[in-house]
Engineer: 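My questions all concern the structure below.
Only heavy atoms go into these numbers, but all of them, side chains included; no hydrogens, no water, no symmetry mates. A, B, ... follow the sequence lines: proteins, then strands. Residue 1 opens every chain.
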Amino acid sequence: MKEGITPQQVVDKYHAMMKESFDQLGIAFDVYSRTSAPVHHETSSAFFKKLYDDGLFEEKETEQYYDEKTNTFLADRYITGTCPICANPNAYGDQCEKCGSSLSPDQLINPRSTLSDAVPLKRKTKHWYFPLQQYEPWLKKWILEEHTEWKNNVFGQCKSWLENGLQSRAMTRDSNWGVQVPLPDAEGKVLYVWFDAPIGYISATKELTDKWADYWCKEDTKLVHFIGKDNIVFHCIIFPAMLKAHGGFVLPDNVPANEFLNLEGDKISTSRNWAVWVHEYLQDFPGCEDVLRYVLCANSPETKDNDFTWKDFQDRNNSELVAIFGNFVNRTFVLMHKLCGGKVPKLHEDILDENDKALIAEFENTTAEVQSALEHYRFRDALFQVIDLARKGNQYMQKKEPWILAKQLPENTEVQKPIDNCLHVCLQLCANLAVLINPFLPVTARKMLHMMKVVDKMLDWENAGKLKLLSVGYSLREPQLLFRKIEDEEINKQVEKLKNGRQQTTVAAEATNAEAKPAATAKPEIVYDDFAKLELKVATVTACEKVPKADKLLKLEVDLGTEKRTIVSGIAQHYTAEEMVGKQVIVVTNLAPRKMKGIESQGMILTAEDNDGKLQLLRPENPVSPGSNVS
RNA sequence: CGCGAAGUAGAGCAGCGGUAGCUCGUUGGGCUCAUAACCCAAAGGUCGGGAGUUCGAUCCUCCCCUUCGCAACCA
């Protein structure tokens with residue numbers, strides 16, 4: 001709605017955009033689907049129908065508040081009113097933030113809609129509830145006893161839910177966007193997003209293969225959900241309970257939820273354009289797909305929120321990818337061409353020394369560590385181990401100093417042997433590095449394959465840790481640099497772009513609107529007479545103070561020419577009392593008075609909300625006399 | 001309000017009862033095949049704050065502070 005287009009257009013736009021971005025970053029999916037696909041509608045409907053036919057839902061008809069102005073049923077959070085317990089006039093339908101009581105909308109005195117400020121009416125609506133509490137004993141056993149290995153943040157959250165007690169939860173909503181409830185008499189009802197969304201995983205598998213049941217219904221399947229911390233409950237509690245209720249499906253083996261990644265100290269937000277857009281990144285850093293992948297993995301918020309900064313991006317690229325990994329591969333190839341005629345030299349086992357043996361042993365050690373880390377979802381650590389192996393390669397080469405040995409060649413041809421050994425080991429290490437880095441940096445792994453003139457098959461994980469990946473005597477290509485250095489200038493540009501982009505959101509949003517079809521209005525059309533019912537006037541603020549114990553409210557005295565009025569307005573987080581004095585504002589003067597925090601407000605000040613959620617006062621371009629009509 | 005997770009050197013992390021460690025970055029020195037690595041040395045931490053338990057606490061207990069998340073028509 002905000003973009004002025006239909007939900008369908010929104011999903012089409014972003015689906016295409018994300019698919020392309022994933023593709024360009026070398027992130028491949030067996031299937032990249034969406035819950036608007038027909039197969040998903042069928043699958044989720046059928047799932048619902050099965051639970052329904054098995055009598056697992058509670059059908060409840062409730063009276064829910066309905067906002068006639070916007071034609072919508074109101075979620076609890078969208079209703080405010082006076083708290084029955086502490087008389088706070090701004091309690092929400094689900095809880096009062098002043099006294100902390102949990103509420104239901106029915107308990108509110110003088111409820112109103114936060115969408116339109118209308119007085120909501122009760123309307124009957126029927127929904128289907130899933131009795132989560134019935135699965136509580138089973139969930140407790142399954143998670144708290146059988147999955148103690150889950151991550152702290154995940155396990156703790158689940159424990160909290162389970163110990164607080166689960167409740168029936170509506171699995172349908174009143175809406176016209178989503179999957180229709182597959183029952184007669186269910187006009188205008190759709191499945192609750194978090195009912196159908198995880199079923200989307202099953203639907204997508206169906207789209208992939210007829211043998212989808214081999215994945216979902218066989219005990220040897222290991223189901224893992226990679227998610228962010230904000231939806232732990234859906235994947236650990238609700239979806240498993242649904243699967244259990246339905247029967248015949250495997251349950252998640254693990255749900256390694258990550259924390260959040262910030263960007264330059266602020267929360268990432270695509271709507272506020274505080275983001276790094278993949279398609280723009282690839283334009284600005286062509287050929288650097290793997291660098292972004294590297295930094296995101298090395299800095300992934302596995303145990304706590306982390307920050308992506310361009311400076312860190314540069315540091316990690318220059319010191320870890322270029323200087324450690326890239327440099328090792330490069331110097332190995334350069335030396336091999338200089339000292340071994342461009343071919344994989346022989347390994348003279350008779351003269352292997354401790355250094356050789358130690359490094360060779362590292363092939364397997366590191367492989368085991370990387371594998372173990374991956375199996376335990378410690379991706380950061382796994383990647384570190386790979387880079388660390390390259391570091392060990394550098395150390396090894398430094399100890400062996402084949403370039404020094406080479407100086408003795410004219411008088412002693414025997415030294416070719418240790419030179420051969422060093423480069424043989426280093427080259428085999430390069431091959432191992434290619435295999436080990438492949439899951440993280442696939443583009444880099446390909447480049448290495450090319451240099452080694454070997455086939456893709458070599459990258460199979462089974463090859464990790466082996467000493468003999470390259471054959472003796474095989475001639476290899478000239479080295480190509482795997483990574484390039486990233487200069488300060490490029491980084492500064494990105495930081496600037498980010499900061500400028502933040503202000504351009506409005507422009508971007510307008511551009512989107514211009515392309516889109518005529519916007520569907522959110523509210524029904526009205527006639528002039530409806531508009532004429534409003535009395536809007538310009539007023540000058542003569543005094544202003546903050547309302548005590550209310551963080552959002554300012555109490556204003558305004559001059560309407562013929563009279564003065566007191567108005568309470570929820571703009572305290574956007575304007576200070578001092579700066580309001582003397583400003584002109586537009587006031588709805590014939591709005592019924594309402595008390596807020598014990599002060600009667602005799603009107604309402606008009607504001608507009610920008611993309612940052614900041615309120616902007618509406619006011620005349622040039623000062624006019626107080627009391628002027630607005631039309 | 002409550003619940004969960006997190007808070008350890010400039011950055012990213014480990015440690016979890018006994019002199020605070022790793023990688024990167026910084027500074028000085030050595031070396032040079034390499035987009036320079038590597039070696040040596042150094043600087044940099046009242047382990048979020050306070051109380052307690054203990055012979056001893058970053059680690060255990062309690063309180064507090066900060067950040068993020070917690071069934072919203074949001075995968």
Engineer: Rounded off to whole Å, could you give me the CZ-to-P distance for the A:Phe333 and B:A34 pair?
Structural biologist: 16 Å

Engineer: Write down the distance separating the C1' atoms in B:A20 and B:C39, rounded off to the nearest Å.
Structural biologist: 25 Å

Engineer: Using distance only, find each side-chain donor-acceptor pair of residues 186-194 of chain A under 3.5 Å and give its atom names and separation, not counting sequence neighbours.
Structural biologist:
| residue | atom | partner | partner atom | Å |
| --- | --- | --- | --- | --- |
| A:Lys189 | NZ | A:Thr125 | OG1 | 2.6 |
| A:Lys189 | NZ | A:Lys126 | O | 3.1 |
| A:Lys189 | NZ | A:Asp174 | OD1 | 2.8 |
| A:Tyr192 | OH | A:Arg169 | NH2 | 2.3 |

Engineer: Distances under 3.5 Å between protein N/O atoms and the N/O atoms of nucleotides 21-24 of chain B, please, pair by pair.
Structural biologist:
| residue | atom | partner | partner atom | Å |
| --- | --- | --- | --- | --- |
| B:U23 | O3' | A:Arg391 | NE | 3.4 |
| B:U23 | O3' | A:Arg391 | NH2 | 3.2 |
| B:U23 | O2' | A:Arg391 | NH2 | 3.3 |
| B:C24 | OP1 | A:Arg391 | NE | 3.3 |
| B:C24 | O3' | A:Ser319 | OG | 3.1 |
| B:C24 | O2' | A:Ser319 | OG | 3.0 |

Engineer: What's the closest nucleotide to the A:Gln398 side chain, out of B:A36, B:C38, B:C74?
Structural biologist: B:C38

Engineer: Specify the separation, in whole Å, of atom CG of A:Asn306 and atom C1' of B:U67.
Structural biologist: 12 Å

Engineer: Which nucleotide sits closest to the side chain of A:Arg380: B:A75, B:A14, B:C68?
Structural biologist: B:A14

Engineer: Both A:Trp161 and A:His235 contact RNA chain B. Taking the nearest nucleotide for each, which residue is further toward the 5' end?
Structural biologist: A:Trp161

Engineer: Centres of the A:Phe313 and A:Phe285 rings: under 6.0 Å?
Structural biologist: yes

Engineer: Can you confirm if the aromatic rings of A:Phe130 and A:Tyr135 lie within a centre distance of less than 6.0 Å?
Structural biologist: yes

Engineer: Where do N or O atoms of nucleotides 4-6 of chain B meet protein N or O atoms at under 3.5 Å, pair by pair?
Structural biologist:
| residue | atom | partner | partner atom | Å |
| --- | --- | --- | --- | --- |
| B:G4 | O2' | A:Gln157 | N | 3.2 |
| B:A6 | OP1 | A:Asn152 | ND2 | 3.2 |

Engineer: Check whether the ring centres of A:Phe57 and A:His127 lie less than 6.0 Å apart, and answer yes or no.
Structural biologist: no

Engineer: Is a donor-acceptor contact shorter than 3.5 angstrom present between the side chain of A:Arg331 and the base of B:C33?
Structural biologist: yes

Engineer: Is any side-chain N or O of A:Glu401 under 3.5 Å from a base N or O of B:C38, one able to act as donor and the other as acceptor?
Structural biologist: no

Engineer: Mapping A:Asp307 and A:Trp177 onto RNA chain B by nearest heavy atom, which one lands closer to the 5' end?
Structural biologist: A:Asp307

Engineer: I want to check a possible cation-pi pair here: A:Lys19 against A:Tyr32, using under 6.0 Å from ring centre and within 45° of the ring axis as the test.
Structural biologist: no

Engineer: Taking B:C13 as the reference, what is the distance to B:A6 when you measure between their P atoms (whole Å, please)?
Structural biologist: 13 Å

Engineer: CZ of A:Phe313 versus P of B:G25: gap in Å, rounded?
Structural biologist: 16 Å

Engineer: Distance check needed: B:G7 C1' versus A:Phe260 CZ, whole Å only.
Structural biologist: 18 Å

Engineer: For A:Phe440, give me all partners under ring-ring contact (aromatic ring centres under 6.0 Å, His included), at least two apart in sequence or on another chain.
Structural biologist: none

Engineer: Applying salt bridge (Lys or Arg N to Asp or Glu O under 4.0 Å) to A:Glu490 and A:Arg484, what does each step give before you reach the verdict?
Structural biologist: CA-CA 12 Å; A:Glu490 298 175 78; A:Arg484 67 172 183 85; 2.8 Å; yes

Engineer: What's A:Ala406 touching, base or sugar-phosphate or nothing? Going by heavy atoms closer than 4.0 Å.
Structural biologist: nothing

Engineer: Considering only atom P, compute the distance from B:G28 to B:C16 and round it to an integer number of Å.
Structural biologist: 37 Å

Engineer: Have a look at A:Val193 and say if it touches a base, only the backbone sugar-phosphate, or nothing, with a 4.0 Å heavy-atom cut-off.
Structural biologist: sugar-phosphate

Engineer: Roughly, in whole Å, what's the span from CD in A:Gln314 to P in B:A11?
Structural biologist: 17 Å

Engineer: Taking only the side-chain nitrogens and oxygens of A:Lys485, find out if one of them lies under 4.0 Å from OP1 or OP2 of B:A34.
Structural biologist: no

Engineer: Name the closest nucleotide to the A:Tyr192 side chain, picking from B:A72, B:G69, B:U35.
Structural biologist: B:A72

Engineer: For nucleotides B:C55 and B:A42, find the distance between their C1' atoms and express it as a whole number of Å.
Structural biologist: 35 Å

Engineer: Using atom C1' of each nucleotide, how far apart are B:U67 and B:C60 to the nearest Å?
Structural biologist: 25 Å

Engineer: Tell me whether the count of non-hydrogen atoms from other residues, nucleotides or ligands lying under 6.0 Å of NE2 in A:His376 goes above 12.
Structural biologist: no

Engineer: Check the orientation of A:Phe48 and A:Trp128. Use parallel for under 30°, tilted for 30 to 60°, and perpendicular for over 60°.
Structural biologist: perpendicular

Engineer: Given the P atoms of B:G50 and B:U8, what is the spacing between them in whole Å?
Structural biologist: 16 Å

Engineer: Between A:Trp274 and A:Lys267, does a side-chain contact (heavy atoms from CB on, under 4.5 Å) hold up when you go through it step by step?
Structural biologist: CA-CA 8 Å; A:Trp274 193 251; A:Lys267 190 181 249 201; over 6 Å; no

Engineer: Looking at residues at least two apart in the chain, or sitting in another chain, which of them share a ring-ring contact (aromatic ring centres under 6.0 Å, His included) with A:Trp150?
Structural biologist: A:Trp142, A:His147

Engineer: In whole angstrom, give the distance that lies between atom CG of A:Leu321 and atom C1' of B:A34.
Structural biologist: 16 Å

Engineer: Rounded to whole angstroms, how far apart are NZ on A:Lys399 and C1' on B:A37?
Structural biologist: 14 Å

Engineer: Under the salt bridge (Lys or Arg N to Asp or Glu O under 4.0 Å) criterion, do A:Glu362 and A:Lys392 qualify, and how do the steps go?
Structural biologist: CA-CA 9 Å; A:Glu362 275 306 317; A:Lys392 284 169 182 154; 3.2 Å; yes

Engineer: Check whether NZ of the Lys or CZ of the Arg A:Lys229 lies under 6.0 Å from the centre of the six-membered ring of A:Phe260 and within 45 degrees of that ring's axis.
Structural biologist: yes

Engineer: Taking a pair as Watson-Crick (N1 to N3 plus N6-O4 or O6-N4) or G-U wobble (N1-O2 and O6-N3), both under 3.5 Å, which stems of 3 or more consecutive pairs involve RNA chain B?
Structural biologist: B:2-7 with B:65-70, B:10-13 with B:21-24, B:26-30 with B:38-42, B:48-52 with B:60-64

